[in-house]
Amino acid sequence: QVQLVESGGGLVQPGGSLRLSCAASTSIFSIYTMNWYRQAPGKQRELVGTITTGGTTNYVNSVKGRFTISRDNAKNTVYLQMNSLKPEDTAVYYCNAAHYKLSNYWGQGTQVTVSS
């Protein structure tokens with residue numbers, strides 16, 4: 001069973017930056033597409049961005065130019081670099097590992113709060 005653990009969340013002022021990390025327990029991390037989702041209270045979970053096994057990234061329009069996803073397969077870790085943070089970025093951020101055949105996995109989430 002794959003376990004995902006997010007870290008790096010916290011309180012930051014508007015315009016600030018945070019880097020989230022998601023560490024995976026699996027030894028076959030490199031075959032998974034990795035995704036970042038977020039969910040604010042009372043809102044549906046939203047796909048923030050994704051990075052494929054080949055390193056191709058995609059982002060929701062609201063974070064383009066501000067967020068960057070990267071992965072380090074040697075460390076079994078995916079990152080979400082968040083710059084120029086806005087109050088509307090406030091949410092619990094979740095890491096997701098997806099595979100067309102194997103089971104998908106979710107982390108427990110890390111809180112990001114953007115406020116003055």
Side-chain angles (χ1 to χ4, degrees):
Q1 186 175 359
V2 176
Q3 295 183 0
L4 304 175
V5 180
E6 300 97 337
S7 62
L11 175 64
V12 64
Q13 293 186 1
S17 298
L18 286 173
R19 189 181 76 161
L20 306 184
S21 299
C22 173
S25 64
T26 180
S27 61
I28 54 173
F29 171 82
S30 63
I31 72 171
Y32 286 89
T33 290
M34 300 300 298
N35 308 294
W36 285 98
Y37 288 79
R38 65 186 180 186
Q39 187 167 26
K43 305 293 184 181
Q44 290 188 326
R45 186 172 297 181
E46 173 189 36
L47 176 63
V48 176
T50 184
I51 184 166
T52 70
T53 57
T56 300
T57 56
N58 291 100
Y59 306 92
V60 68
N61 286 338
S62 60
V63 309
K64 286 181 179 178
R66 300 188 298 119
F67 290 11
T68 303
I69 299 173
S70 61
R71 66 191 297 162
D72 187 339
N73 290 339
K75 297 181 178 179
N76 294 343
T77 302
V78 64
Y79 304 95
L80 179 63
Q81 178 67 48
M82 304 184 294
N83 299 324
S84 302
L85 283 161
K86 305 175 180 179
E88 51 263 45
D89 295 319
T90 296
V92 177
Y93 284 72
Y94 297 92
C95 179
N96 165 259
H99 191 278
Y100 82 99
K101 186 176 180 180
L102 303 177
S103 299
N104 290 352
Y105 298 94
W106 292 87
Q108 295 302 304
T110 185
Q111 177 71 49
V112 172
T113 302
V114 185
S115 176
S116 298

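Keep in mind it's a predicted model, so treat the numbers as computed, not measured.
One finds the OG atom of Ser25 at 8.5 Å from the CG atom of Asn76 (value rounded to the nearest 0.5 Å). Thr26 contributes atom OG1, which lies 11.0 Å from atom CD of Gln3 (distance to the nearest 0.5 angstrom). Atom OG of Ser115 sits about 12.5 Å away from atom CG of Asp89, to the nearest 0.5 Å. In this structure, CH2 on Trp106 lies 4.5 Å from CZ on Arg45, to the nearest 0.5 angstrom. Distance check, rounded to the nearest 0.5 Å: CG of Asn58 to CG of Leu47 gives 9.0 Å.
Here the side chains of Tyr59 and Ile51 are not in contact, with every heavy-atom distance at 4.5 Å or above. No side-chain heavy atom of Leu80 sits under 4.5 Å from any side-chain heavy atom of Glu6. No side-chain heavy atom of Met82 sits under 4.5 Å from any side-chain heavy atom of Trp36. Taking the side chain as every heavy atom from C-beta outward, Thr110 and Ser7 never approach each other to under 4.5 Å. Side-chain contact between His99 and Ile31 is present, with heavy atoms from C-beta onward closer than 4.5 Å. Between Thr90 and Gln111, the closest side-chain pair of non-hydrogen atoms falls below 4.5 Å. The closest side-chain heavy-atom distance from Asn96 to Tyr94 is not below 4.5 Å.
By the rule that hydrophobic residues join a cluster once side-chain heavy atoms approach within less than 4.5 Å of another member, Val48 and Val12 end up as members of one cluster. Grouping the Ile, Leu, Val, Met, Phe, Trp and Tyr side chains by contacts below 4.5 angstrom, directly or via other members, places Tyr105 with Tyr93. Under the 4.5 Å side-chain contact rule for hydrophobic residues, Met34 and Tyr37 do not share a cluster. Taking hydrophobic clusters as Ile, Leu, Val, Met, Phe, Trp and Tyr residues chained together by side-chain heavy-atom distances below 4.5 Å, Phe29 shares a cluster with Leu102.
Minimum interatomic distance between Ala91 and Ala40 (heavy atoms only, all atoms of both residues): CB-N, 3.9 Å. Residues Ala98 and Asn35 share a closest heavy-atom pair of CB-ND2, 3.8 Å. Nearest approach of Ile28 to Tyr32, heavy atoms of both residues: O-CD1, 3.4 Å. Contact detail for Arg66 and Ser84: the closest heavy-atom pair is NH1-O, 3.0 Å. Across every non-hydrogen atom of Gly9 and Leu20, the tightest pair is N-CD2, 3.5 Å. Across all non-hydrogen atoms, the minimal contact from Leu4 to Ala24 is CD2-CB, 3.5 Å.
In this structure Val60 satisfies the side chain to side chain contact (heavy atoms under 4.5 Å, CB included) test together with Glu46, Ser62, Val63, sequence neighbours excluded. With sequence neighbours excluded, no residue forms a side chain to side chain contact (heavy atoms under 4.5 Å, CB included) with Ser27.
Around CD of Gln108, the count of heavy atoms belonging to other residues, nucleotides or ligands within 6.0 Å does not exceed 12.
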- Query: Passes side chain to side chain contact (heavy atoms under 4.5 Å, CB included), Ile69 versus Thr50? Steps please.
  - Reply: CA-CA 7 Å; Ile69 299 173; Thr50 184; 5.6 Å; no
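Not a single donor-acceptor pair under 3.5 Å links the side chain of Arg71 to the backbone N or O of Thr33.
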